[in-house]
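A quick write-up on the structure given underneath.
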Amino acid sequence: MATNRTRRRATPGSRGGSRKPPRATDNTRPLAIALAVAVIAVIAWLVITAKAQGNGDNDRPAIPDASALETANVPKGMPEELLRYKGFTVSFNPKTHQPNWVGWELLASEADGRHPRTQSFAPDLDVEGCATPQDYRYSGFDRGHMAPAGDMKWDAQAMDESFLMTNICPQAGDLNRGAWNKLEEKCRQRARRDSAVVIVCGPVFGKTGASMLIGPTGVAVPQGFFKVVLSPYADPPRAIGFLMPNGPVPGGMQKCAVSVDSVESVTGIDFFSALPDAVEKEVESQCDFHSWSTGKR
């Protein structure tokens, strides 16, 4: 059961004096005593129940804010510039000219945003090493979003910033318009079920580095891509990872499902380190695609 991430305003109490109850007569006194005893019993039961529920909540580890969860730790020596946009965070690599990772929180209320999609790809002029849209022209690769525009429909600025080239990687069309796109929609479904999800994704380079370079900037083409998805407010919290080749994906996203631990082993990136240790150990070892996909256990 997911924690409701929307706060409800408490109903203000009514003001003004209360009317005095009629004085009990000799005939009504036993009834009044019985009612008073019943009221006291009900109040005592409510207090005991509230304490029991409170103790249960206190037993659950505190989950940190999403801004900490969406930030990952790259391996020592990996170049990065941390960029915080309105809807997502980017670890940008000026040598590969694309992100090391992009992280964001998607609330259930944001999964069905209505802001129209734009197509205004543009460089972030404040970031050294940022690619340009022209680098991808005639390259045979799509300008693949990491934080998808479909997750940014809740805000005009977030939508526009998702088209900055700091959020873009060279993706084969078979992946970008196939399994990767389906995984993005599945994450939105998960956000609706679990109140919110935290997602981190990015490129995967082999030990030999980029398979090729494209454009005048020399944008590195990855061999594959990763995505890790955390439902931090579900009861209990859950997570899953995916590793996909930069091309056709035989068997679809299900065949690419792995644990977060497996993604960390491949990429060297440490995810969700802000979680309490016991929670992090549990969720990062999981890989139950059926449960994650259907919401059933």
Side-chain angles (χ1 to χ4, degrees), residues 74 78-83 85 87-104 116-152 158-185 187 199-227 242-253 255-256 263 266-269:
V74 301
M78 178 177 284
E80 76 164 342
E81 179 181 354
L82 206 60
L83 310 171
Y85 297 107
F88 54 95
T89 302
V90 175
S91 166
F92 185 75
N93 190 321
K95 290 190 175 180
T96 63
H97 310 289
Q98 63 198 282
N100 297 313
W101 55 260
V102 179
W104 68 102
R117 178 186 174 97
T118 62
Q119 293 288 352
S120 304
F121 289 98
D124 187 331
L125 299 178
D126 294 326
V127 177
E128 184 179 355
C130 184
T132 70
Q134 290 71 32
D135 286 316
Y136 287 70
R137 189 170 296 174
Y138 309 120
S139 69
F141 291 92
D142 288 358
R143 290 169 285 198
H145 284 75
M146 294 296 96
D151 286 7
M152 302 296 149
M159 171 63 75
D160 289 343
E161 289 179 342
S162 75
F163 282 86
L164 290 174
M165 300 303 295
T166 46
N167 182 45
I168 304 299
C169 294
Q171 280 190 325
D174 288 338
L175 174 65
N176 185 37
R177 288 164 265 164
W180 192 257
N181 181 61
K182 292 178 181 178
L183 178 55
E184 290 172 344
E185 179 52 41
C187 289
I199 306 168
V200 186
C201 67
V204 175
F205 292 97
K207 295 181 179 179
T208 57
S211 58
M212 61 181 297
L213 304 178
I214 60 171
T217 305
V219 181
V221 176
Q223 280 83 22
F225 290 88
F226 72 84
K227 179 168 286 188
F242 295 88
L243 289 167
M244 294 187 175
N246 194 7
V249 183
M253 72 179 86
K255 293 293 185 181
C256 298
V263 178
V266 170
T267 63
I269 300 174

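Every value quoted in this text rests on a predicted model; they were computed, and no experiment measured them.
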Mind listing the side-chain donor-acceptor pairs of residues 202-212 below 3.5 Å, one per line with the distance, residues two or more places apart or on another chain?
from, atom 1, to, atom 2, distance (Å)
S211, OG, V221, O, 3.2

Could you list the donor-acceptor pairs under 3.5 angstrom formed between side-chain atoms of residues 121-130 and any protein atom two or more places apart in sequence or on another chain?
from, atom 1, to, atom 2, distance (Å)
D124, OD1, D126, N, 3.0
D124, OD2, Y85, OH, 2.6

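With sequence neighbours left out, N167 forms a side chain to side chain donor-acceptor pair (under 3.5 Å) with no residue at all. Partners of T217 under the side chain to side chain donor-acceptor pair (under 3.5 Å) rule, at least two apart in sequence or in another chain, are D135. Applying the ring pair (Phe, Tyr, Trp, His ring centres under 6.0 Å) test to F92 and every residue at least two apart in sequence or in another chain returns nothing. Applying the side-chain contact (heavy atoms from CB on, under 4.5 Å) test to A149 and every residue at least two apart in sequence or in another chain returns R117, H145, M159, S162, F163. When the ring pair (Phe, Tyr, Trp, His ring centres under 6.0 Å) test is applied to F225, the partners found at least two apart in sequence or on another chain are W180. E81 is linked by a side chain to side chain donor-acceptor pair (under 3.5 Å) to nothing, counting only residues two or more places apart in sequence or in another chain. The side-chain contact (heavy atoms from CB on, under 4.5 Å) search around A158 returns M152, W154, D155, not counting sequence neighbours.
Between K227 and L183, the shortest heavy-atom contact is CD-CD2, 3.7 Å. Of all non-hydrogen atoms in I269 and N100, the two that sit nearest each other are CD1-O, 4.0 Å.
Using a 4.5 Å heavy-atom cutoff, the side chains of M165 and T132 are not in contact. C256 is not listed as a side-chain neighbour of L243, based on a closest heavy-atom distance of 4.5 Å or more. For the pair I199/F88, no side-chain contact is recorded, criterion being any heavy-atom separation below 4.5 Å from C-beta on. Within the 4.5 Å cutoff, no side-chain heavy atoms of W101 are placed close to those of T267. Looking only at side-chain heavy atoms (C-beta outward), N93 and E80 stay at 4.5 Å or farther from each other. Proximity of T118 to D160: side-chain heavy atoms (C-beta onward) are separated by under 4.5 Å at one or more points.
For the salt bridge (charged side-chain N to carboxylate O under 4.0 Å, His left out) condition, the pairs that include at least one residue of residues 137-151, sequence neighbours left out, are D142-R177, D151-R188. For residues 89-101, the set of pairs meeting the salt bridge (charged side-chain N to carboxylate O under 4.0 Å, His left out) definition, not counting sequence neighbours, is empty.
In this structure, the separation between CD on Q171 and CD on Q98 is 10.0 Å, given to the nearest 0.5 Å.
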